There are 2 protein chains.
Amino acid sequence: MPISIAIVEDDADIADEISKLIEETPDFKLSCCCRNMHSALERIPALAPDVVIMDINLPDGSGIQATAQIKRILPKTEVMIFTIYENTEDIYQALEAGASGYLLKRSSSSTIVSSIRNMMKGEVPMTAAIARKVIQSFQRKEASTQSNPAMASLTPRELDILQLLAKGHPTKEIASQRSISVDTVNTHLRRIYEKLHVHSRAEAILKYLDKK
Amino acid sequence: MPISIAIVEDDADIADEISKLIEETPDFKLSCCCRNMHSALERIPALAPDVVIMDINLPDGSGIQATAQIKRILPKTEVMIFTIYENTEDIYQALEAGASGYLLKRSSSSTIVSSIRNMMKGEVPMTAAIARKVIQSFQRKEASTQSNPAMASLTPRELDILQLLAKGHPTKEIASQRSISVDTVNTHLRRIYEKLHVHSRAEAILKYLDKK
DNA sequence: GATTGCGTCACCAAATCTGGTGAGATTTTC
DNA sequence: GAAAATCTCACCAGATTTGGTGACGCAATC
C-alpha cells in the first residue's frame, strides 16, 4: 500500500514542486494539497493521510496550530514541518504539537523522500543543526529548575531528595538510587517538610512543582 | 586563562589518553583525574574546574548522579558525558542532570577538543545520531501529554476524588469534605491507582497534573 | 428481569510514611 | 580552634496508605 501524503503549503511553486516529487516516487501517493489552514482542517480529517507536509506560515493561521488539531483527530498521521527558518521556538512548539519531523525548504528532493520514509519508521527526521537547537532549548528548560524563593532554605541534598520525590519515587527507591539508608532519606524528608511547612509527601511535591 | 578540565573515568587507558590530549592542547589545563564517583565528588567541588569530562559507568555509582551533584554545587561548570554507548535513557537523564554535552568514546581527538570549545561557547555538542535520539524521546514524552486516555476511564466520582488528592488533601480530609467514610475514599483511591497504573498517591497526583 | 457499572461501607494485614530523639563524621564558617 | 551546618544512620511509636475481600443499594442498560 502506498504512503498517502497531504500537503499544506500556501506558496504555489513549492506546493507544485512537492506534488511532483510525490507523484514521481513509486510508493508515494498525493492525498490532497491545501493552500491554507482552514481548508486543511476541513479536508484532511476525512482523508486520513499517512503523512502531512506542513508549512508553518499560512495565510490564515499557523501550521503549528493546524498540526495540533490534526494530531488530535488523527493521532496516527505523521506531520512533517516544512519551513524556511529554523526558529528554535517554532521547532519546540511544533514538536509539542505533535510534529514528527522538521525539514528545511532548501532540503534536496532525496532528503525529503528519505525523511518521509524514516518518519514512517518512527524516527524524527531533522537536520543536525535543528536537533542541536532543540536540545539546547530543552537543556535551558531543565536548567531553569535552579532557582526559586521558598526552596532556597533547602540544602543541596534536600533539594536533590525533593526532586526525586517529585518524580513519584517511594522512599525506598530514593534511598537505593542515592545509595543511602532509608532512615537518612526519612530524615531529609522530615526537614524538607519542616522547611516547606507541609505535612505530607503530596504537599511537598505540589509545593515544589508550583515554584517551578 | 586556560580552560581547566577534570576527568572522571575508571578506565586507566582512556583516562591517560584524555589527560595527554588535554596537556598537549595549549589553552587546556588538566585540573584533576578521578577514578570513581566518590573521589570526584570529594575533589572536584574544591577545584571548580571549567569542564568535567564524565564517564557514566563508574565502579561506585553513575556518572549521571555525579553530574547532578556537581552541577548543583558548581552551576557554571560544564559537564561533558563521555561514554561508549548511546543509550537513549542515559542521554535523557544526563541532560536532565545538567550535562552540556554527550560524546562517544570513539570520537576523534580533534572532535573532543572542538567539542569542549563549543561547549564553552554555550553549545550542546553531540553527534547527530545522539541528538536525534534525544529528540525522539522528547517527542514521545510530549506526545503522551496530548490527550488523557487513562483519565477517561475514571468515573465522575473518582475524578472528583483525584482532584482533591491533587490539592494535597489527606484521605481523612477528603472523606469529611465529601461526607463519606474514609473507607470509601480508600476504595476510590484503589480504583484510581488501578486505572492510572500507579502505586502511590504521589504518582497519581503527578499523572493527573501531567495530563492537564 | 438480569446484568452491569457506580458509589457506598466494613474489616483486615502489610507496607509505608510521619515525626521524635540522639548521635557520629565532615565541612564550612567565623 | 570553636561553632554551626550538613549529611549520615539508628531506633521507635503512631498514623496513614496500599491492597485484598466482600457486600449492599441504586440506576441504567439490555
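Computation of the quantities below employed the complete heavy-atom set of this structure, encompassing side-chain atoms and omitting hydrogens, waters and symmetry-equivalent molecules. This one's a predicted model, so the numbers in the text were calculated from it and none came from an experiment. So that the names make sense, note that chain A is the first sequence line, chain B the second, and so on, each numbered from 1.
Taking atom CG of residue B/Leu164 and atom P of nucleotide D/dT17, one finds them 13 Å apart after rounding to whole Å. In this structure, A/Leu189 places its CG atom 15 Å from C1' of D/dT16, rounding to the nearest Å. What separates NE2 of A/His188 from C1' of C/dC17 is a distance of 16 Å, to the nearest Å. Rounded to whole angstrom, the span from the NZ atom of A/Lys195 across to the P atom of C/dT18 amounts to 17 Å. As a whole-Å value, the separation of B/Leu41 CG from D/dC7 C1' is 13 Å. Between the P atom of D/dT18 and the NE2 atom of B/His197 lies a distance of 17 Å, rounded to the nearest Å. Separating the CD1 atom of A/Ile161 from the C1' atom of C/dC17 is a distance of 15 Å, rounded to the nearest angstrom. Rounded to whole Å, the distance from CD1 on A/Ile192 to P on C/dT18 is 11 Å.
Of all nucleotides listed (C/dC11, D/dC9, D/dC7), D/dC7 comes nearest to the side chain of A/Arg157. Relative to the side chain of A/Asn186, the nucleotides C/dT8, C/dT18, C/dA10 differ in distance, and C/dT18 lies closest. Side-chain proximity of B/Thr184 to the nucleotides D/dT18, C/dT8, D/dC9 is greatest for C/dT8.
Residues B/Arg201 and A/Ser200 have side chains that never bring a donor and an acceptor to within less than 3.5 angstrom of each other. A/Thr184 and A/Ser181 share a donor-acceptor pair across their side chains, judged by distance under 3.5 Å alone. For the residue pair B/Tyr193 / B/Glu203, no side-chain donor-acceptor distance below 3.5 Å is found, with atom types taken as modelled.
Using a 4.0 Å heavy-atom cutoff across all strands shown, A/Ser181 reaches sugar-phosphate atoms only and no base atom.
In the helix from C/dG1-D/dC30 to C/dC30-D/dG1, the end axes, each obtained as the rotation axis mapping the C1' atoms of four pairs onto the next four within a five-pair block, lie 50° apart to the nearest 10 degrees.
The distance from atom CD1 of A/Ile112 to atom CZ of A/Arg117, rounded to the nearest 0.5 Å, is 13.0 Å.
Within the structure, a side-chain polar atom (N or O) of A/Tyr193 is placed less than 4.0 Å from OP1 or OP2 of C/dT18. Of the side-chain N and O atoms in B/His199, none sit less than 4.0 angstrom from OP1 or OP2 of D/dT18.
Shown here are the side chain to side chain donor-acceptor pair (under 3.5 Å) partners of B/Thr25, two or more places apart in sequence or in another chain: there are none. Judged as a side-chain contact (heavy atoms from CB on, under 4.5 Å), and not counting sequence neighbours, the contacts of B/Lys105 are B/Glu9, B/Ile14, B/Asp55, B/Phe82, B/Ile84. Listed by chain and residue number, nothing satisfies the salt bridge (charged side-chain N to carboxylate O under 4.0 Å, His left out) test with A/Lys29 (two or more places apart in sequence, or in another chain).
Other residues, nucleotides and ligands contribute at most 12 non-hydrogen atoms within 6.0 Å of the CD atom of B/Glu194.
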Side chain to side chain contact (heavy atoms under 4.5 Å, CB included) between B/Leu162 and B/Leu165, worked out: CA-CA 5 Å; B/Leu162 179 56; B/Leu165 203 70; 4.1 Å; yes
Stepwise side chain to side chain contact (heavy atoms under 4.5 Å, CB included) test for B/Leu103 and B/Ile81: CA-CA 6 Å; B/Leu103 270 189; B/Ile81 301 291; over 6 Å; no
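Nucleotides of DNA chain C nearest to B/Pro156 and B/Asp183 differ in position, and the one nearer the 5' end is that of B/Pro156.
In this structure, B/Tyr102 and B/Thr83 have side chains that are in contact, with non-hydrogen atoms separated by less than 4.5 Å. In this structure, the side chains of A/Cys32 and A/Ile44 come closer than 4.5 Å at one or more pairs of heavy atoms.
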Please write out the pairs of protein N or O atoms and N or O atoms of nucleotides 13-16 of chain C separated by less than 3.5 Å, giving the distance to one decimal.
| unit_1 | atom_1 | unit_2 | atom_2 | d |
| --- | --- | --- | --- | --- |
| C/dT16 | OP1 | A/Lys172 | NZ | 3.1 |

For nucleotides 20-26 of chain D, which of its nitrogen or oxygen atoms have a protein nitrogen or oxygen under 3.5 Å away, and what is each distance?
| unit_1 | atom_1 | unit_2 | atom_2 | d |
| --- | --- | --- | --- | --- |
| D/dG20 | O6 | B/Arg190 | NH2 | 3.4 |

